[in-house]
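Every heavy atom of this structure was used, including side-chain atoms; hydrogens, water molecules and symmetry mates were not.
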Amino acid sequence: MLIFTGVALVLIVFYDFLRTTISLSGTGFISRAIADGLWRLGSKSTLVLEQTVGLSIRGLLGPVILLTVAGTWVLLHLCGYVLILRGGLSLVQTDTGDPATWVQTVAFAGSTLSTLGASTVQVTGGWWDILSMVAAMNGMILLTLAVSFILNILQTTNSARTFACRFHAVKAGAPDGHVSKHLEGLGSDLTTVVVMLTASPLPRFFVPSDPTMDFPRALIEICDLVENGTLVDTSEVVAAIRLLGRHLGTLSDHNEIAAARKWALRHTIPRFNKDDI
């Protein structure tokens, strides 16, 4: 029973890990549940802290959510392999030959997943040797892709913030009646950011302290420009907004612009300080 449970846990978590890191089509259900839950809790806590004691934790939300998701992958893999190893006489103590304890099993599974291989116990042979090899390969893939995934998330976040800064600068400097013409030059940049977000939407949880770099906030302003007719439907900027609404909006939203606006609102934390623009 322990072996079956452990195998099922490893397979489910590994699928969620691959779905999130390399599928380029969103996040797995475990990662999404953790990220959304922490976002709801963190955004509410941010508002309470800012209004009561003036302490802002906006900048911590993204890193905490990202590290929690990555840590959950590692922890659940570890739990799965521990259950498998405890399902039979898989490990014995090197010096006495006695069966390994739970603590020693956890230490062996952890060292194997981390590819360190240092442990005071050894496998009893046979299929357990193959299992330890599979665990080592699993750990190498897990750690390598997790690091690459985190770096990609940070790159997407920087790209989104750069676009938000350019949008606010162009909008502020454009003469009255010529906003549409000046914003059209940002179409390719917005499309790039949207495509990166559809591949992995986790950068949505990174909230900058400076509202000028807030991508969801910029997105709301663009949607307002579309709805009031300032931006024409044929522009590349509007096409990028529709792409975001189509892929990241809820299924109940038939209006892609409205869906994009709702997505941005869900990932915007109201600001009450004097630096708000």
Side-chain angles (χ1 to χ4, degrees), residues 16 19-20 23-51 56-69 72 153-154 156-165 167-168 190-228 231 237-273 276-277:
D16 183 90
R19 175 78 166 78
T20 303
S23 71
L24 300 181
S25 59
T27 54
F29 69 97
I30 297 176
S31 303
R32 183 168 56 252
I34 294 172
D36 289 344
L38 288 177
W39 171 254
R40 287 191 293 268
L41 176 62
S43 57
K44 292 179 181 178
S45 300
T46 297
L47 292 177
V48 172
L49 289 174
E50 289 182 351
Q51 293 178 350
S56 177
I57 59 172
R58 294 171 183 265
L60 296 177
L61 296 182
V64 168
I65 291 173
L66 187 57
L67 291 177
T68 301
V69 170
T72 300
I153 293 296
L154 298 180
T156 302
T157 302
N158 286 332
S159 298
R161 291 183 177 184
T162 300
F163 171 82
C165 290
F167 165 77
H168 287 114
L190 180 57
T191 301
T192 299
V193 173
V194 170
V195 170
M196 295 170 76
L197 285 174
T198 58
S200 180
L202 289 182
R204 58 188 166 152
F205 300 120
F206 284 77
V207 184
S209 57
D210 187 345
T212 305
M213 296 189 293
D214 196 333
F215 178 75
R217 180 189 178 101
L219 200 63
I220 293 172
E221 295 184 33
I222 296 175
C223 290
D224 291 339
L225 293 175
V226 175
E227 292 174 352
N228 64 27
L231 290 175
V237 172
V238 176
I241 295 295
R242 292 188 182 280
L243 178 66
L244 187 145
R246 188 161 59 250
H247 287 273
L248 299 182
T250 59
L251 296 177
S252 59
D253 294 319
H254 300 293
N255 186 323
E256 294 168 345
I257 301 299
R261 196 177 196 281
K262 286 183 180 180
W263 179 88
L265 285 171
R266 286 197 302 269
H267 300 98
T268 301
I269 303 177
R271 298 177 185 268
F272 301 98
N273 55 71
D276 193 15
I277 62 173

Can you tell me how far apart OG1 (Thr156) and CG (Leu202) are? Round to the nearest 0.5 Å.
9.5 Å
Leu243 vs Val195 side-chain heavy atoms within contact, under 4.5 Å
yes
How close do Ala35 and Phe205 get, counting heavy atoms only, and between which atoms?
CB-CE1, 3.5 Å
Any donor-acceptor N/O pair, Arg204 side chain to Trp263 backbone, under 3.5 Å
no
May I ask you to decide if Thr20's main-chain N or O and Ser23's side chain share a donor-acceptor pair within less than 3.5 Å?
no
Quick one: closest heavy-atom pair of Ile153 and Ser200, and the distance?
CD1-OG, 3.2 Å
Arg19 side chain to Ser25 backbone, donor-acceptor under 3.5 Å:
yes
Atom NE2 of His267 and atom CG of Asp214: how far apart are they, to the nearest 0.5 Å?
11.5 Å
How far does CG of Leu197 sit from CZ of Phe215, to the nearest 0.5 angstrom?
5.5 Å
Might you point out which heavy atoms bring Ala259 and Gly245 nearest each other, and give the distance in Å?
CB-O, 3.6 Å
For Ser43 against Arg40, the heavy-atom pair lying closest together:
OG-O, 3.1 Å
Please list, chain by chain and in numerical order, all residues satisfying side chain to side chain donor-acceptor pair (under 3.5 Å) with Arg261, sequence neighbours excluded.
Asp224
Grab the two heavy atoms, one from Gly42 and one from Ile57, that are nearest each other, plus how far apart they are.
O-CD1, 4.4 Å
Distance check, rounded to the nearest 0.5 Å: Ile241 atom CD1 versus Ile222 atom CD1?
4.5 Å
If you compare all heavy atoms of Pro63 against all heavy atoms of Gly59, which two are closest, and at what distance to 0.1 Å?
CD-O, 3.3 Å
Any side-chain to backbone donor/acceptor pair from Trp39 onto Arg266? Under 3.5 Å, distance only.
yes
Rounded at 0.5 Å granularity, tell me how far CZ in Phe163 sits from CG in Asn158.
15.5 Å
Distance-only polar pair, side chains of Arg161 and Thr212, donor-acceptor under 3.5 Å:
no
Run the side-chain contact (heavy atoms from CB on, under 4.5 Å) check on Val237 and Leu225 step by step: do they pass?
CA-CA 11 Å; Val237 172; Leu225 293 175; over 6 Å; no
Does any non-hydrogen side-chain atom of Val207 lie less than 4.5 Å from one of Thr46?
no
Taking Thr27's backbone N and O only, do any of them form a donor-acceptor pair with Arg32's side chain (distance below 3.5 Å, no angle check)?
yes
State the CG-OG distance between Leu190 and Ser159, to the nearest 0.5 angstrom.
12.0 Å
